[in-house]
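These values consider heavy atoms only, across backbone and side chains, with no hydrogens, waters or symmetry-generated copies.
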Amino acid sequence: MRANIQSYLHKFLKPISHPPSSLLHLHTTTSTSPHHTQFNLNPPLKSQNKDEPTNHSQRDNKFNEAIDVLCQQKRLKQAIEMPDLVRSPAATATYSALINLCLHLRALKEAKRVHAHMKSSGFVPGVFISNRLLDLYCKCESFVDAQQLFLPNPGRDLCSWNIMISGYAKAGRVKEARSLFDGMPERDNFSWTAMVSGYVRHDQPDEALELFRVMQRYEGIKCNKFTVSSALSASTAIQALGIGKEIHCHVTRIGLDSDAVVWSSLCDMYAKCGNIDEARYIFDKTVDRDVVSWMAMIHRYFEDGRREEGFALFSDFLKSGMRPNEFTFAGVLNACAVETLEDLGKQVHGYMTRIGFNPFSFPASSLVHMYSKCGDIDNAKKVFDLMPHPDLVSWTSLINGYSQHGQPNEALQLFELLLKSGTKPDRITFVGVLSACTHAGLVDKGLEYFHSIECKHGLKHSTDHYACLIDLLSRSRRFKEAEDMIDQMPMKPDKFLWASLLGGCRIHGNLALAKRATEALFELEPKNAATDVTLANISATAGKWGEVAKIRKTMDDKEVVKKPGLSWIEIKRKVHVFVVGDLSHPRSKEINDFLGDLSKRKKEEGYVPQTENVLHDVEEEQKEQNLSYHSEKLAVAFGIIATPPGTAIKVFKNLRTCVDCHMDIKFISKIVGRKIIVRDSNRFHCFEDGRCSCKDYW
DNA sequence: CTAGGGTTAG
C-alpha cells in the first residue's frame, strides 16, 4: 500500500495539467477513518465561500484532495510542492490543511510558500485563513510577517488582535503585547487572558494580578477558567496565599469549580505557599482528576520529602484505573532516583514491563537515570543496551553513573561511543565527561576535552565547565594554571567554581589561595557554613589556631546556616534515616556497641588517626560532641547488624562524607568482610577489603 | 482560528 502511494505521489511531483483519475482511488483507499472522508466530501462552509471569490479558476478537486491526503500523512515536503504545480488557487480547506500542518511542525519557510502561492494565484484569504496564518507567524516568532498581515485591513477582527497579543506575550515581548492591548477597539475574555497569562509566564506576577483586578471592574467581562488559572499562577509565583484564597472564594462563588485545570492551579497555589495538606484536600475534592493533576500532587509530596505519601498516592493512582502515560513513569522514576529508592524503582520498572512500555520512549531514559543514581550501574547498562536508539539523556545519565561510581574509564569509553553513534553531546554531557576525568585523575585528558568543547563540538563553555576544570586542576595541585584560568575566563566564576578551588586547597593545604576562594564565597553566599568550616580546617592543618578561633567567632556572629547531615539506608523496603549522634533509632544501643567494639579493634590493629589535631568536620556536618558518631557510620553499622553476614550494604548521604568516616568505613569493610557502598553528595564510594573505589581521591 | 495546570541528564 505504502509503495503504491509513493508511486502515485511520484507522478505528482512532475508538473502535469491533468491529474490522473487514479487519484480518487488513492484517496478512497487511504482514508480508513470516517473522519477523513467527511472532511473532503463536505460542502464548503459559508465562510469558505467568502474566501473563494475566484470560482471560475478553481482547479481540479482531485488536486486539493491529494494535498489533503499528504497533509494528513504529515508529509509536508511533498504536500508543499503541490500547489505550485497549478497556478489556480487551492480550496480554502486545502490551504487550511497546509497551514495546519506547517503550524504543527512549526515550519515557517513552508508556510511562507503557501502564503506566496495564495498571493500569486489571486486567492483572497478570508479572515479565517488569514488568522490561521497570523497565528502561525506569531508562533514561529516571525513578527515582521505577522505585522504585515495584521496591518490595518478590513479582514482583521477581534480574533486577529488576540492572536497578535498572545503571540507577543508568549514570545516574552510583553510590552508590545500590552501596547496592542491598550490600543485595541474592543476586548473580550481572550484578550484579557492572553495578557494576564503573558505576564505570568514572563515573571511579572504583580502586573498579571493588577490587570486581573482591573478586569473585574469591566462590565460584560467575566473571568473564566483560563483567566482564573492564570491569576492563580500569578499569586503562586509571589507566594501570596491571601490573594490566592480570595481567588479561591471567587471561583467557588461564580461556579468555575468544575474544571480540572482550575483545581490543579488551586492545588499548586496552596502547595507552593507551603500548605501541601490543603492542596491534598482540594485534590481529593476534585471531581475529574486527570493524569496531570495526579502527577502534580504526587510530585509535590516528593519535592517536600514526603516520600511515603508520594508513593502511597502513586499506588492509589494505579488502583484508580487511570492510564499512566509517559510522564507518569518518568516522574515516579525520577522521584525514585532522587530518593535513591531502588526497590521501588524496580517495582515501577516491573510494572512498566508488564504493561508493555515502549523502550523507545523517554521513560526508558528515566530508568537508566534511576538505576545510575541508585548505584546499580549494571542494571542501568542493561536498560541502556535494550534501547534501540538511546537518547542524549540516557547517554549522559550512564556516563555520569560510571563517573561517580569510580569507573571513570568506562565513562570516557562510553563518551567515545556516544560520539561514534552520531549523537551530539551538549553542555551537561561534558560536565559528566570532565568530572570523570577528575575522578580518574586524568588532568591532561580533561584539559583536552575541555578545549574540544569549543573547538570540536562548537559549544560554548559554561561556568559549569570552568568549575569542573578548576576542580580537576586544583585537586592535582596545579594551582597556578587554575588561577590563570579563573583570571582569564570570560564570565564571573560562580560558587561551585570557588568551592571546587577551596576543596583543592584543603587537600593540598594551600592556605593563601584558600583565602581568595573563601572571600569570593563569602560574597556569593555569606551564610554557608561549609566555607567557614573548610577554611578553619585548612588553618588548623597549617597550625594557625588563632585563625581557627577567629573563624569560629565570626561563624557565631553571622549565624551561618548549617545543613544537617543525613544518612539513610533501605532495608526490606523501609528507609532508616540517621543524623549525627542519633539515639532515636530503636536499635540505637546495638549500633553504638558495635561502633564501640570497632574502635577497640582499630586500636588493637595499630590504627592511628592521621589527623589528630585537625577539626574533623571537614564539610558542613559538624561534630557536636567528641563521642558522637557521624550519620554515615551509624547507617553503616545499622546495615551490618540488620542484615545477614556477607550482604552488601548501601548507604546514602546528603552531604560529602568526611575523611575520618571514610577511613573508618574502609576499616569496617575489611573487618566484617562486606562490600559497603556509600553514595555521598559527590560520588559513590565502594569499600571492599579495606580499600575504596575512589582511591582516596575525591 | 485566539487562552490555563505537571515535563526526565550534573
With rounding to the nearest 0.5 Å, note down the distance linking CG in A:Asp188 to CD1 in A:Ile221.
6.5 Å
Select base, sugar-phosphate, or nothing to describe what A:Asp188 touches, counting heavy atoms under 4.0 Å on all strands.
nothing
Report all side-chain donor-acceptor pairs from residues 309-317 of chain A shorter than 3.5 Å, counting only partners two or more places apart or in another chain.
| residue | atom | partner | partner atom | Å |
| --- | --- | --- | --- | --- |
| A:Glu309 | OE1 | A:Arg306 | NE | 2.9 |
| A:Glu309 | OE2 | A:Arg306 | NH2 | 2.8 |

Start with the C-alpha distance between A:Ser96 and A:Phe128, add both sets of side-chain angles, then the distance that settles side chain to side chain contact (heavy atoms under 4.5 Å, CB included), and finish with yes or no.
CA-CA 9 Å; A:Ser96 170; A:Phe128 178 85; 3.9 Å; yes
Can you check the A:Ile129 CD1 to B:dT2 P distance for me, whole Å?
13 Å
Parallel under 30°, tilted from 30 to 60°, perpendicular over 60°: which one fits the rings of A:His461 and A:Phe450?
parallel
Spacing between A:Gln404 atom CD and B:dG10 atom P, to the nearest angstrom
7 Å
Mark up nucleotides 3-8 of chain B, 5' to 3', with B wherever a protein heavy atom is under 4.0 angstrom from a base atom, S wherever such an atom reaches only the sugar-phosphate, and - elsewhere.
BBBBBB
What is the distance, rounded to the nearest whole Å, between atom CD1 of A:Ile163 and atom P of B:dT2?
7 Å
Just how far, in rounded Å, is C1' of B:dC1 from CG of A:Asn131?
6 Å
Spacing of A:Asn100 atom CG relative to B:dC1 atom P, expressed in whole Å
8 Å
Any idea how A:Tyr137 and A:His115 line up, ring-wise: parallel (<30°), tilted (30 to 60°), or perpendicular (>60°)?
tilted
Using the test salt bridge (Lys or Arg N to Asp or Glu O under 4.0 Å), find all partners of A:Arg280 that sit at least two apart in sequence or belong to another chain.
A:Asp284
